[in-house]
Number of protein chains: 2
Amino acid sequence: MTNLTPNSSFSVTLRLQIPNRVGMLATVTQAIATSGGNLGRIDLIEQSRQQSIRDLTVDAASTEHAEKIFQSVKELNDITVLDVYDRTFNLHRGGKISIASRIPLKSVSDLAMAYTPGVGRVCKAIAENPEDVYNFTIKRNTVAIVTDGSAVLGLGNLGAAAALPVMEGKAMLFKEFAGIDAFPICLDTQDTDEIVKAVKDIAPVFGGVNLEDIAAPRCFEIEKRLQSELDIPIFHDDQNGTAIVTLAALLNALKLVQKSIANIRIVINGAGAAGIAVARLLRKAGAEQIWMCDSKGIISTNRTDINEEKQEFAVKAQGTLGGATQGADVFIGLSGPGLLTPEMVKGMTKDAIIFAMANPIPEIQPELVPPNVVVMATGRSDYPNQINNVLAFPGVFRGALDCRAKMITTTMCLEAASAIASLVLPTDLHKEHIIPSVFDQRVSGAVASAVKQAAREEGIAQG
Amino acid sequence: MTNLTPNSSFSVTLRLQIPNRVGMLATVTQAIATSGGNLGRIDLIEQSRQQSIRDLTVDAASTEHAEKIFQSVKELNDITVLDVYDRTFNLHRGGKISIASRIPLKSVSDLAMAYTPGVGRVCKAIAENPEDVYNFTIKRNTVAIVTDGSAVLGLGNLGAAAALPVMEGKAMLFKEFAGIDAFPICLDTQDTDEIVKAVKDIAPVFGGVNLEDIAAPRCFEIEKRLQSELDIPIFHDDQNGTAIVTLAALLNALKLVQKSIANIRIVINGAGAAGIAVARLLRKAGAEQIWMCDSKGIISTNRTDINEEKQEFAVKAQGTLGGATQGADVFIGLSGPGLLTPEMVKGMTKDAIIFAMANPIPEIQPELVPPNVVVMATGRSDYPNQINNVLAFPGVFRGALDCRAKMITTTMCLEAASAIASLVLPTDLHKEHIIPSVFDQRVSGAVASAVKQAAREEGIAQG
């Protein structure tokens, strides 16, 4: 992890008692800098004539690094470390979301309308006209974020409870970027049939379902079955969301190298949920030469160890990833840290495009790519060109909910990708700016509009 | 429904254009009063020299009554009805709860801590130490409100979607009265095994489960199985909540008539979920003579048509409800409108206690009870002595969550009832004030303390 730059995910706050003497604070900041910490804000908590108490927020590169910074400050003469907080854990204490009432409940009259007896009239109205559930309940703006905890981030099968912090974070993103009320459903089962059944059982409350961190190949069947058995949109963000943002970034990157998607050869490393979904969407967008690789090398028609989804992309070529990248125009990594070497990249075309999206450590560090790479993107926020799903899923659901789409189609995903790409104006397009910032407030609205229009054209909008 | 008094559940807002002439507004208010409407606030929306536009809020007794009031205003000369809103439906538009972020998400640094990559550290911590789910997620303050829609209020089997407005209302009550984050789970199945399985599947996110509006006898088995198969508290409000508030009211009513619970004969009409649960808790509280009645009369040992739960309370006596009430001290109604006649009540003791809790229309209207009744209570907010579950369930869950109780025991319920009863001081105890107001802010705290103490003494508190 030492090759990572300090970032807020390993951020600590040191509460220090510092004598009021010239140069004392400077001694502290010097010690932090020397041990490689990235100093953020400094708050004054208390001050007397003799001394002050201050909170210093420091980004580190890892837990070990944070500990090293802490030790370097602790060893300073006359400085007392009163406390040290891990900011990430502190922020998670008690969870990250809550339920709020949308209307007051302060009087007998409020109670009589929002609860019994008034609510009974609303229940009866819905029983008589089932469509009214979209008018008089939370359903029209509420999404279930469903996981079985089997593929949590890049960490693997941590189980339902340990996945909950991710789902809560996702709920925050839904709210922040699209005003959608999303609630985490972490299922205590990893059986495909049971997952499908559980989601169908809880579906009445929800206007849509976002599947999250469910391992491949189970996730493909779950998504497919839910989509055919429920009449609300089902979206597997690890697949569909990743595919949309990847295509958006690729559309703009290709403009920079002046190539057409139909004529390039793309290598995708990683044939899990994300890899397969990206390959499918790129093919729909016109890509004709996609070579997928998994841990055993190129997914070749000769191989007998490949599942149904991988078979969709089996090619005649065979060999290693290093062989696949020879002469390739584009490398898309949805695999693991450091799997793409500078030597492999050198064998690509002279105007190569690299999307190294493994998280948190990309397939190749941007610092290491040779000069034949024109566009370099990762999933990280601390490098240019962050390809982040948050550009897609909030707007996709906003659009789908607003037009009551029965499902999310490939066309809707293609249109969402175009909408994201088009937000980078030709005059702003640059090899270090191929995709909008996650904080660009235009994004979710633009995606929602594109999705709605596509749904209407396809005749699957109901509202 | 015409014997009901106007109330906010049938509240309409009339937007009127009224000429600015002396007496015009009075004409309107007169028409509303004559047609039996209960005038609430009057808002001025716009005013010109010739006329004003005002919103008049009027409580009616039923939908038909609201229509009649509207017609009486519409027929007035020179008054134009611009619009008419049903306030209850208006308030429900878009639902009554939403999801809120507890922390800001405005910068790359916020994202890195609340979402990837920082959140991965929290996930790993929970995977390594499962107890940490109570520290770093919403679990410790989050309750699932689970229904199958089979017994929605007194309205019957309306199904999952039509039950949602009630569950949202309940979530508001949890928040308002105990600061608990509760989320509605409306299950699209009415099969006992499937309900149990679904609740177990979604359990990882929740610190407790509140079962709601599930028909008897299914509800008994569901509660029992969930309690034995999950390690979080399970509470069926229609049973346990009703039992707690009924016992609380009875404890205070008995003080007024100076009788001991061991010596009285209690008739319970209605042997569904609530009736059985009330009977069980009263028995635990010392009641020795309980005669239960269902639609076929007294639940007698002679009968062959009674389920397992009813058998617990079968008595030697047999006959009708009218027979059961002869000489009874207490009538508790958890049945239907108008089932208790004044003649039956006259046959009770000279200091009878009547809890007529059918909703919205009680077993007997308070106006109709003969003089031998000392204490009269209903479930309604527009009569004295409202026996309302909201006095119990928020505090019960607050207490259970705060001490990480594994379950809700009978002792916890008995202590909760005592705590509610004790909030009516001896000096305040009166036949029209046997139970605290639902807006008495001391209630949930007092219940929570009592529940926590009971849990600690029983050794089932974990935190």
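Every chain is numbered from 1, with letters handed out A, B, ... down the list of sequences.
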Counting only non-hydrogen atoms closer than 4.5 Å, does [X] touch chain A with its backbone (N, CA, C, O), its side chain (CB onward), both, or neither?
X        : value
B:Glu194 : both
B:Thr116 : side chain
B:Phe206 : side chain
B:Leu105 : both
B:Leu111 : side chain

Next on the checklist: Evaluate A:Val122 against B:Thr88 for side-chain contact (heavy atoms from CB on, under 4.5 Å), listing each step before the verdict.
Outcome noted: CA-CA 8 Å; A:Val122 182; B:Thr88 295; 4.0 Å; yes
Next on the checklist: Could you work out, with side chain to side chain donor-acceptor pair (under 3.5 Å) as the rule, every residue matching A:Asn129, not counting sequence neighbours?
Outcome noted: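 For A:Asn129 there are no side chain to side chain donor-acceptor pair (under 3.5 Å) partners, ignoring immediate neighbours.
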Which atom pair, heavy atoms only, marks the closest approach of [X] to [Y]?
X        : Y        : answer
B:Cys123 : A:Val152 : SG-CG1, 4.0 Å
A:Val108 : B:Ser381 : CG1-OG, 3.3 Å
A:Ala125 : B:Phe89  : CB-CE2, 3.6 Å
B:Glu168 : A:Ile138 : OE2-N, 2.8 Å

Report yes or no: does [X] contribute a side-chain atom to a donor-acceptor pair with the main-chain N or O of [Y] at less than 3.5 Å?
X        : Y        : value
B:Asp181 : A:Ile99  : yes
B:Lys175 : A:Ser101 : no
A:Lys96  : B:Thr137 : no

Of all of [options], which one pairs up most often with chain A through heavy atoms under 4.5 Å apart?
options                      : answer
B:Ala100, B:Ala127, B:Gly169 : B:Ala100
B:Asp86, B:Val438, B:Thr142  : B:Asp86
B:Arg121, B:Glu128, B:Arg93  : B:Arg121

Item to check | Region of A:Arg87 that comes under 4.5 Å of a non-hydrogen atom in chain B | outcome: both
Item to check | Side-chain ion pair, A:Lys197 and B:Asp201, N-O less than 4.0 Å | outcome: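 No, no charged N to carboxylate O under 4.0 Å.
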Item to check | Mutual orientation of the aromatic rings belonging to B:Phe183 and A:Phe183 [parallel < 30°, tilted 30-60°, perpendicular > 60°] | outcome: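 Rings of B:Phe183 and A:Phe183: parallel, as their planes differ by under 30°.
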